[in-house]
Amino acid sequence: MFCRYFCFFSLCLFLQTQRKCSLGRVSSLGGSDTASLPGFENLTMGYNKYLRPYFGGEPVQIAMSLDVASISSISESDMDYTATIYLRQRWTDPRLVFHGNKSFTLDARLVELLWVPDTYIVESKRSFLHDVTVGNRLIRLFSNGTILYALRITTTVACNMDLSKYPMDTQTCRLQLESWGYDENDVIFTWLRGNDSVHGIEKLRLSQYTVERYYTLISKSQQETGSYPRLILQFELRRNVLYFILETYVPSTLLVMLSWVSFWITLDSVPARTCIGVTTVLSMTTLMIGSRSSLSKTNCFIKAIDVYLGICFTFIFGALVEYAVAHYSSSQKRTAKTPQEGPANELTKEKEEINITGILSNSITSYKQQISFTGIEISSDNINCSDLTMKTHEKIKCFLRNKIYSIIGYFTIQNPSNVDHYSKLLFPLFFMLVNVFYWAYYLYF
């Protein structure tokens, strides 16, 4: 505080010395205009930097414009972006009016002697003012008392993101400027030229995003202490999906197609088909883990890329399960055929022996017994429940047993080799249909 008063006293002393020198020069040269620092002679005549212009009267009109120099990073995990901006504020202070039509650029350190707006960036996490080689600030004074105050600021601002359509998403972020202590009765914020007050954002080249459009808004922030003016720059960022197509979508699709190769391998080639199935499942698992590790803090979202990877993993796992079902059905059919061949051969031999004996009556009796036996075998799977001698609960059990047998028979695979035949058509067909619905939903809805 002592240093500030000392600097102020030195400045006043310097101005008075310059005035005396100018008066001496005028008297020696026979008369000329006085050379002094325009506007700043008022600082020695009751200027109070702690009071705003028009104090106690109308609010101060503060017009703003800004240039977006860069957006260095956009973090989905932290949900923020970091930008470097050039903020320019203009207002009129009638206490600094001087004669003439010139403007003067002053040393930025003189801002300590002036009243400036208490503008701050809403939802800013971290901000700093550049100071290489000196503080990057500009003060320009115009003859009508207008002051231009420019700053170079780098700030990290929160941006609430909806990642449900990641990586085919479009994010809307804001840069909001608001008065900290002065409410709308003291200051009024306006954009200098509407949307034309913002420059540079349309020329940005970002690694993952493209700036779709931007626009400016004027709003108010209603708080407990009053209503404060607020300016809003809102811009939309569309993510470039080509990188993710090459990095994730194409490899996952190729893994699904690789799992279909097993349909063209015979059921007896157990090592080959098992190797393809297990390898594709493990590769798909690794791909899913890698895609989620890049956004470790946003795993609470079910993103579009997670849905697609889940679909691919389901088809790959389904191909592995398909082989397990086909191979199991094939082995069960072979096992069922083996014990039936013995009685069939015995019946054939018995028939030949009976025919050799030439006894016609015994042959007819044996033939009738075989027909009767065969009829009982066939009807054992579907028992007649309309027998009048059966009780009610026995009929119910019989009916339920027949239904269960019919359902099991419906799902029983009669020819295991047809499973691969149908899978060659159904798996690609369903995968294409799912892809059509997936891309239509996330691109157009």
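Count residues from 1 along the sequence.
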Taking the side chain as every heavy atom from C-beta outward, state whether Phe142 and Lys102 have any pair of such atoms under 4.5 Å apart. no
Are the side chains of Ile289 and Thr285 in touch, meaning some heavy atoms are under 4.5 Å apart? yes
Apply side chain to side chain donor-acceptor pair (under 3.5 Å) to residues Gln223 and Glu178 and explain how you reach the verdict. CA-CA 12 Å; Gln223 300 182 17; Glu178 185 179 319; 3.2 Å; yes
Examine the side chains of Arg88 and Ser65 and answer whether a donor and an acceptor come within less than 3.5 Å of each other. no
Would Trp91 and Tyr182 count as a ring pair (Phe, Tyr, Trp, His ring centres under 6.0 Å) if you check the C-alpha gap in whole Å, the side-chain angles of each, and the deciding distance to 0.1 Å? CA-CA 14 Å; Trp91 69 95; Tyr182 294 103; over 10 Å; no
salt_bridge(Asp131, Arg137) N-O dist < 4.0 Å: no
Quick one: do the Arg273 and Tyr323 side chains pair a donor with an acceptor below 3.5 Å? no
Examine the side chains of Tyr308 and Thr253 and answer whether a donor and an acceptor come within less than 3.5 Å of each other. yes
Hey, what's the ring geometry for Trp439 with Tyr249, parallel, tilted or perpendicular (30° and 60° as the breaks)? tilted
Donor-acceptor pair between Thr286 and Ser283 side chains, under 3.5 angstrom: no
Ring geometry between Phe431 and Phe315 (parallel below 30°, tilted from 30 to 60°, perpendicular above 60°): perpendicular
Modelled atom types, side-chain donor and acceptor of Thr280 and Ser259, under 3.5 Å: no
A cation-pi test, strictly: NZ or CZ of Arg95 under 6.0 Å from the centre of the six-membered ring of Tyr47 and no more than 45 degrees from its axis. Yes or no? yes
Let me see the working for Asn195 and Thr216 under side chain to side chain donor-acceptor pair (under 3.5 Å), right down to the final yes or no. CA-CA 6 Å; Asn195 281 352; Thr216 57; 2.8 Å; yes
Under 3.5 Å side-chain donor-acceptor pair for Ser143 and His99: no
Would you say the side-chain atoms of Gln234 and Tyr215 include a donor-acceptor pair closer than 3.5 Å? yes
Between Ser72 and Thr82, does any side-chain donor sit less than 3.5 Å from a side-chain acceptor? no
Within 6.0 angstrom of Asn48 CG, more than 12 heavy atoms from elsewhere: yes
Of all heavy-atom pairs linking Tyr442 and Ser164, the shortest is CE2-O, 3.8 Å
Looking at Asp93, Asp118, Asp183, Asp186, which hits salt bridge (charged side-chain N to carboxylate O under 4.0 Å, His left out) with Arg52? Asp186
Could you tell me if the side chain of Thr210 sits less than 4.5 Å from the side chain of Arg239, heavy atoms only? no
Quick one: does Met284's side chain get under 4.5 Å of Leu309's, heavy atoms only? yes
Pair Thr248, Ser291 - check side chain to side chain donor-acceptor pair (under 3.5 Å), show working. CA-CA 8 Å; Thr248 304; Ser291 66; 5.9 Å; no
Is the number of heavy atoms from other residues, nucleotides or ligands under 6.0 Å of His421 NE2 greater than 12? no
Any chance OH of Tyr120 has more than 12 other-residue heavy atoms, nucleotides or ligands included, within less than 6.0 Å? yes
Report the C-alpha distance between Asp268 and Thr266 in whole Å, list the side-chain angles of each, state the deciding distance to 0.1 Å, and finish with yes or no for side chain to side chain donor-acceptor pair (under 3.5 Å). CA-CA 5 Å; Asp268 297 330; Thr266 59; 5.3 Å; no
Is it the case that atom CZ in Arg109 sees more than 12 heavy atoms from other parts of the structure closer than 6.0 Å? no
Rounded to the nearest 0.5 Å, what separation is found between the CH2 atom of Trp260 and the CD1 atom of Ile316? 10.0 Å
Would you please say whether a donor-acceptor pair under 3.5 Å links the side chains of Arg140 and Thr105? yes
